[in-house]
Number of protein chains: 4
Amino acid sequence: MGRPGRPRRPETDSAILAATRAALVELGWSKLTMSDVAKRAGVAKTTLYRRWSGRCDLVVDAVAVLFDDLELPDRGSLAADVEGVVLQFAALLARPEAGASLLALVAESTRDQALRQRIRHSIVDRQKRLVLLGRERARLRGELPYEPDPEADGRTADLVFDVIAGAVLHRALVSARPVDEGWTRTFTALLLDGLSPTGARG
Amino acid sequence: MGRPGRPRRPETDSAILAATRAALVELGWSKLTMSDVAKRAGVAKTTLYRRWSGRCDLVVDAVAVLFDDLELPDRGSLAADVEGVVLQFAALLARPEAGASLLALVAESTRDQALRQRIRHSIVDRQKRLVLLGRERARLRGELPYEPDPEADGRTADLVFDVIAGAVLHRALVSARPVDEGWTRTFTALLLDGLSPTGARG
Amino acid sequence: MGRPGRPRRPETDSAILAATRAALVELGWSKLTMSDVAKRAGVAKTTLYRRWSGRCDLVVDAVAVLFDDLELPDRGSLAADVEGVVLQFAALLARPEAGASLLALVAESTRDQALRQRIRHSIVDRQKRLVLLGRERARLRGELPYEPDPEADGRTADLVFDVIAGAVLHRALVSARPVDEGWTRTFTALLLDGLSPTGARG
Amino acid sequence: MGRPGRPRRPETDSAILAATRAALVELGWSKLTMSDVAKRAGVAKTTLYRRWSGRCDLVVDAVAVLFDDLELPDRGSLAADVEGVVLQFAALLARPEAGASLLALVAESTRDQALRQRIRHSIVDRQKRLVLLGRERARLRGELPYEPDPEADGRTADLVFDVIAGAVLHRALVSARPVDEGWTRTFTALLLDGLSPTGARG
DNA sequence: CTATAAACGAGACGGTACGTCATGTCTTATT
DNA sequence: AATAAGACATGACGTACCGTCTCGTTTATAG
């Protein structure tokens with residue numbers, strides 16, 4: 001039944017991913033080396049390469065699990081939900097294994113189609129879930145109108161996701177300033193109400 | 001007067017920076033090497049290290065000049081100005097020397113205080129200028145109210161900058177989808193009017 | 001009677017040895033690998049190691065069979081017999097599986113007592129047989145005197161063997177020049193009559 | 001005048017060669033590694049590869065100097081000179097850096113034209129010198145006749161060299177028995193007088 | 001007009017990581 | 001038990017860059 005040959009030890013995978021995260025915390029992306037990860041995991045370099053094709057793939061998997069923890073508890077209103085997701089995402093990006101690695105991976109992915117899809121599937125889509133869920137809830141609450149055209153709805157969701165994730169990421173990593181309660185509140189207000197003064201509308 | 005010894009050839013600096021950009025276009029950040037840049041510039045490695053302390057500093061300078069070209073022609077309205085700046089910024093990020101390099105540098109800067117300031121001074125602040133200028137113009141047009149508290153005004157400008165730059169950057173590089181006229185228009189609408197339906201306000 | 005468990009397939013041994021010789025021909029001693037031999041023989045690496053302790057032992061056995069083919073047809077005189085054995089030995093050493101492997105094995109054997117004995121038993125003694133046989137015949141023909149002391153006789157046989165085998169080996173592999181009819185004839189003349197001009201003797 | 005660039009430290013060469021010999025003594029040819037030699041010599045692996053293309057070339061040079069020490073003091077007669085050279089050569093082959101390495105190199109050279117010439121030039125020809133010199137002296141003493149045809153003379157010298165070097169090499173390394181005074185004497189007698197009993201000649 | 005001092009090219013140098021390969025052992029399921 | 005398959009720890013391979021160094025050469029100012 002089982003395939004021939006000695007099977008891979010399954011615990012090894014998670015040991016390696018944990019070692020990778022530890023190395024990211026200690027050394028950062030640019031100083032992370034395969035040899036070091038192997039040493040930390042108590043594993044041979046060949047075992048690493050048997051399971052991942054290189055640094056990038058390895059780090060994607062190591063970081064991806066962090067993004068699994070994102071959740072969207074129902075806080076009762078769209079604004080509160082947005083604030084919740086912003087704070088959660090910011091907390092994640094603030095971790096040295098996550099934020100910097102994500103940037104570096106995305107930078108690398110601009111020249112690597114396969115990596116781009118891997119990142120999207122393992123990391124980005126797991127964030128976008130929250131946006132979709134939040135919009136669903138807001139509609140049930142009547143805070144957002146129903147959009148009959150599913151394509152237009154998707155476009156809007158994408159846009160909102162880019163705005164939220166982009167703003168937090170830029171604030172936290174590019175501007176390198178804290179995403180605290182105050183910033184989160186004003187950002188959420190901007191997102192919901194827009195920049196124009198109330199009277200300027202319509 | 002002048003210090004003794006042979007003076008540095010000033011053209012060399014720009015030759016090296018041009019070579020750096022060429023290498024970024026051809027190889028990308030992760031495969032760019034000092035030796036290769038030296039070869040391209042027709043310069044010895046020692047000359048490179050005499051003028052820059054390493055890869056990161058070199059690339060910051062090489063990329064910074066690209067961000068000097070950003071301009072904000074007056075298009076007559078806040079919305080039009082925002083669209084203009086979004087498209088300009090997107091065009092810049094789409095260039096392989098600029099977008100990916102910026103991400104990689106920022107990733108690296110999370111563990112390097114000096115680099116962070118260098119990036120801020122040479123790259124980020126040059127973008128933020130446009131936001132400040134745009135807000136000034138909008139006020140003169142009456143599209144934005146005057147904010148008496150300069151600190152609050154600064155916070156808002158920072159927020160708007162993070163939202164605009166972050167959204168474009170996320171769309172272009174993380175989501176890896178085009179920042180075209182359509183997206184720009186809907187993004188600008190969202191920025192100005194917010195997510196909530198008109199009636200939900202107040 | 002028979003031990004429990006599945007018995008070893010006997011054909012496997014010769015398949016492996018043939019694969020080893022093929023690998024020696026194609027790759028040579030230094031590039032021969034156990035994995036490659038296993039692959040060629042259609043056999044798992046474990047099977048190899050169950051039957052031989054390593055590369056050296058395996059190659060000794062693989063090469064030894066070649067030395068079994070050496071024969072000494074009676075050509076009617078000591079000189080003719082010497083020429084016959086020289087040409088046969090030279091033909092063997094010229095084969096890429098044999099000559100170079102023998103040298104490499106002997107080189108290795110200088111640090112490995114067990115290997116030394118294995119080579120002696122499986123390879124060297126099979127050559128020496130011919131010398132002993134040739135001397136026997138020469139005595140029957142009256143070309144060589146009887147030596148009453150068996151120990152002295154053995155010493156002389158050893159010496160003659162070292163001279164013949166050594167000269168051919170050195171010519172073929174160290175000097176890397178052909179052991180052809182001409183060389184063989186002059187060598188045999190030297191062996192039988194010596195270097196000194198006839199008159200210089202006694 | 002001098003070529004541009006930092007010149008190579010000349011002492012490094014001999015340090016590396018000494019380290020190579022030390023490694024050969026300690027580990028033997030088959031366990032000698034470039035990394036280990038580099039470590040012993042206090043030198044980076046890259047420095048090794050900058051100066052030698054690989055293990056074989058390195059060992060040829062490391063071993064060659066040993067063969068420079070061979071000399072042929074005039075002992076008054078051809079027989080005595082032969083015995084002298086045999087003992088010297090045997091002493092050399094008995095050294096673990098020399099004998100086994102030579103065999104291994106020659107084994108490798110059967111598949112490498114360049115290595116073959118390198119060995120010939122650096123090692124073999126230095127031995128052959130002694131034979132040529134010895135024959136010269138023997139002629140002056142009247143022990144050998146003058147050979148008018150230089151080509152025939154060369155062939156004979158080659159033959160004698162193969163016989164002497166081959167016999168000693170085979171005795172010492174293949175048969176693995178001592179080349180002592182007794183053996184040397186009987187070998188020399190065989191070389192000079194031949195195998196046939198005196199009466200069998202003519 | 002000659003010191004002297006720095007810039008500059010070339011390339012050697014000690015390191016370190018790369019990704020691959022072979023070793024010999026082991027763990028499976030199958031025969 | 002032997003076998004095929006293949007995972008595994010180990011460690012060398014030869015290459016590539018790193019950032020530093022040591023040369024000879026060139027180009028400026030200062031004495």
Side-chain angles (χ1 to χ4, degrees), chain A residues 1-10 12 31-39 41-55, chain B residues 1-10 12 31-39 41-55, chain C residues 2-10 12 30-39 41-55, chain D residues 1-10 12 31-39 41-55:
Chain A
M1 259 283 77
R3 291 185 312 171
R6 174 173 171 178
R8 293 188 181 167
R9 287 194 61 209
T12 298
K31 296 216 171 66
L32 175 141
T33 71
M34 296 297 268
S35 320
D36 181 76
V37 170
K39 218 165 290 170
V43 142
K45 236 188 335 168
T46 35
T47 300
L48 245 74
Y49 283 105
R50 203 174 294 119
R51 298 176 185 222
W52 288 276
S53 73
R55 236 162 58 121
Chain B
M1 266 271 79
R3 294 181 311 167
R6 172 175 172 177
R8 291 187 182 168
R9 287 193 63 209
T12 298
K31 297 216 169 69
L32 175 141
T33 71
M34 297 298 267
S35 322
D36 180 77
V37 169
K39 216 164 290 170
V43 141
K45 241 191 328 170
T46 32
T47 301
L48 246 75
Y49 282 105
R50 208 172 289 121
R51 300 178 184 220
W52 288 275
S53 74
R55 232 161 62 119
Chain C
R3 293 181 308 169
R6 172 173 170 180
R8 290 188 181 170
R9 286 193 64 210
T12 298
S30 68
K31 300 216 170 68
L32 176 141
T33 70
M34 297 297 269
S35 322
D36 181 77
V37 169
K39 216 165 292 171
V43 142
K45 246 193 325 175
T46 31
T47 302
L48 245 74
Y49 282 105
R50 206 172 291 119
R51 300 177 184 219
W52 288 275
S53 74
R55 230 161 63 120
Chain D
M1 254 285 80
R3 294 183 310 168
R6 173 173 172 178
R8 292 187 179 168
R9 285 197 62 208
T12 298
K31 298 215 170 67
L32 175 140
T33 70
M34 297 298 268
S35 322
D36 180 77
V37 170
K39 219 165 289 173
V43 141
K45 232 186 343 165
T46 37
T47 300
L48 245 74
Y49 282 105
R50 203 174 293 119
R51 299 178 185 222
W52 286 277
S53 74
R55 232 160 62 117

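From a predicted model like this one, the values you see are computed outputs, not experimental measurements. Labels below follow one simple rule: chain letters A, B, ... track the order of the sequence lines, proteins then strands, and each chain is numbered from 1.
- For the atom pair NZ of Lys39(D) and CG of Leu48(D), the computed distance is 12.5 Å after rounding to the nearest 0.5 Å.
- At least one side-chain nitrogen or oxygen of Arg50(C) sits closer than 4.0 Å to the OP1 or OP2 atom of dT3(F).
- Comparing dC8(E), dA12(E), dG14(E) by their nearest atom to the side chain of Arg8(D) picks out dA12(E).
- Here the P atom of nucleotide dG24(F) and the CZ atom of Arg3(D) are 13 Å apart, to the nearest Å.
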Exercise. Could you walk me through whether Thr12(D) and Arg51(D) pass the side chain to side chain contact (heavy atoms under 4.5 Å, CB included) check?
Worked result: CA-CA 10 Å; Thr12(D) 298; Arg51(D) 299 178 185 222; 3.5 Å; yes

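- dG14(F) atom P lies 15 Å from atom CH2 of Trp52(D), rounded to whole Å.
- Inter-residue side-chain proximity for Val37(B) and Arg55(B) is flagged as unmet; no heavy-atom pair is nearer than 4.5 Å.
- Along DNA chain F, the nucleotide closest to Arg9(C) and the one closest to Gly5(D) are compared, and the more 5′ of them pairs with Arg9(C).
- Legend: residues meeting side chain to side chain contact (heavy atoms under 4.5 Å, CB included) with Thr46(A), ordered by chain and number and at least two apart, are Ala44(A), Arg50(A).
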For this session: Run the numbers on Met34(B) and Trp52(B) for side chain to side chain contact (heavy atoms under 4.5 Å, CB included), then give the verdict.
Result: CA-CA 11 Å; Met34(B) 297 298 267; Trp52(B) 288 275; 5.5 Å; no

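- In this structure, Thr12(B) and Gly42(D) both approach DNA chain E, and ranking their closest nucleotides by distance from the 5' end singles out Thr12(B).
- Rounded to an integer number of Å, the gap from Leu48(D) CG to dT15(F) C1' is 14 Å.
- For Thr33(D), the side chain to side chain contact (heavy atoms under 4.5 Å, CB included) partners are Ser35(D), Asp36(D), not counting sequence neighbours.
- At the phosphate of dT3(F), neither OP1 nor OP2 sits under 4.0 Å from any side-chain N or O atom of Arg6(C).
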Give each protein N/O atom lying under 3.5 Å from an N/O atom of nucleotides 16-20 of chain E, with the pair distance.
residue : atom : partner  : partner atom : Å
dC18(E) : OP1  : Met34(A) : N            : 2.7
dC18(E) : OP2  : Met34(A) : N            : 3.3
dC18(E) : OP2  : Ser35(A) : N            : 3.0
dC18(E) : OP2  : Ser35(A) : OG           : 2.6
dG19(E) : OP2  : Tyr49(A) : OH           : 2.3
dG19(E) : O5'  : Tyr49(A) : OH           : 3.3
dG19(E) : N7   : Lys45(A) : NZ           : 2.9
dG19(E) : O6   : Lys45(A) : NZ           : 2.9

